[in-house]
Amino acid sequence: MKVATWNVNSIRARLERVVPWLEAVRPDVLLMQESKVTDEQFPREAIEALGYQLATHGQRTYNGVAVLARAPIEVLSRGYADGGDDSEARFLDARVGGVRFLCAYVPNGKEIGSPHWEKKLAWLDRLRGYLEARCTTAEPIVLGGDLNVAPEAADVANPDAWASSVLFHPEAREALARVTRWGLVDAFRLRHPEPGLYSWWDYRMLAFPKNDGLRIDHLLVTPPVVPRVREASIDRNARKGKQPSDHAPVLLELDP
DNA sequence: ATGGTTGCTTAGCAA
C-alpha cells in the first residue's frame, strides 16, 4: 500500500501537475493540503477519472484538505469538532481499508510572537487533544500532512538561520514533539536516518536550486503500522519543472 | 539583504 502526503498549493492551479503525478505514481492514498477551494468547486471529475475516490474539506481562498484513495473512504471527522474554532479547513479524519488517516495542515505561524504564531502552537495542542480524545495507539493510524515544523537539525539545510523562523523555532519543535509523544513514529525517519532530505523549498531566493529546504511534511504512524513501513521517499522531481508546488510529496510503502 | 515568488482575488494577505 502506497501512501503519500502533498501540499499542492492550490489544486486548481496545480491540476496539470497533480494528474500526471497520480497517473505515474499511483498512490493508494494521498493526503492533500492547501487545496484552496470550496468542496463545490474542487475539480473532482479529473481526479475521479483516474480511479480515485475523494473526500474533501475545503474553503474559499485559503487552507483546504482532501483525502484521495483507490478504495472507499469513510469520513470520521471534518475539523476537530471539539467545540473550538473550526472555521479554517485544516483537518480531515478518514478511514480507508482498515487504516485511519489524519490529514493535517498546521498553520504556518507567520512570525514568532504574532497572533498567527500563537494560533499555530494552540492548533498543535488541539491536535494532541484530538488524538487523546478520539484515537488510540493500538489502531493503525497515519497522521500525515504539512505540519509546518522541521523536527530536528537534520531536517533543515541551515539550522542556525532557521532557528528563529516559525518552521524551526524550539517552541514549534516542542509543540510537534508533544503531538508525537502521544504515540507516533516518524515513518520517513525510520527508513532514512541521513540528514539533508527536505520536502519544502521557498519559491524565493533560488531556494530549490540551492537546496535550502526543510523537511516539514510528515507521515507519522502508530506502533501497529511501524513494522509495515517498507520504504519511504520524497519525490523531488515533483518540485522541478513548470509551475511546481513549493512542496514535494512524501511517500511510504506499507506492507499488508 | 525585511529582499525574493506564488496564488487568490483583484491590492492585500498568506505562505
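Below, chain A is the first sequence line, B the second, and so on; all start at residue 1.
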Which atom of A/Asn211 lies closest to which atom of A/Arg236, heavy atoms considered: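 Where A/Asn211 meets A/Arg236 most closely, the heavy atoms are OD1-NH1, 3.2 Å.
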
Let me know the distance between [atom1] of [X] and [atom2] of [N], rounded to the nearest Å.
{"X": "A/Gln243", "N": "B/dC8", "atom1": "CD", "atom2": "P", "answer": "10 Å"}
{"X": "A/Leu15", "N": "B/dT6", "atom1": "CG", "atom2": "C1'", "answer": "17 Å"}
{"X": "A/Arg17", "N": "B/dT6", "atom1": "CZ", "atom2": "P", "answer": "13 Å"}
{"X": "A/Phe208", "N": "B/dG4", "atom1": "CZ", "atom2": "C1'", "answer": "17 Å"}

Set of side chain to side chain donor-acceptor pair (under 3.5 Å) partners for A/Arg78, sequence neighbours left out: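 Not a single residue meets the side chain to side chain donor-acceptor pair (under 3.5 Å) criterion with A/Arg78.
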
Under the side chain to side chain donor-acceptor pair (under 3.5 Å) test, residues paired with A/Arg12 that sit two or more places apart: none

Span that lies between the P atom of B/dC8 and that of B/dG4, in whole angstrom: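 Looking at atom P only, B/dG4 and B/dC8 are 22 Å apart.
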
Interatomic distance at C1', B/dG3 relative to B/dA15, whole Å: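 Going atom to atom, C1' in each nucleotide, I get 16 Å.
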
Electrostatic pair A/Arg189:A/Glu152 at N-O distance under 4.0 angstrom: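 Salt bridge: no.
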
Note: A/Arg134-A/Asp93 ion pair, threshold 4.0 Å (strictly below):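 No, this pair does not count.
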
Earlier contact from the 5' end, DNA chain B, for A/Ile11 and A/Lys210: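 That would be A/Lys210.
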
N/O to N/O distances under 3.5 Å, protein versus nucleotides 12-15 of chain B:
unit_1 : atom_1 : unit_2  : atom_2 : d
B/dA15 : OP1    : A/Arg90 : NH2    : 3.2

Any A/Leu127 side-chain heavy atom under 4.5 Å of A/Leu143 side chain: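 Yes; the side chains approach each other to less than 4.5 Å.
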
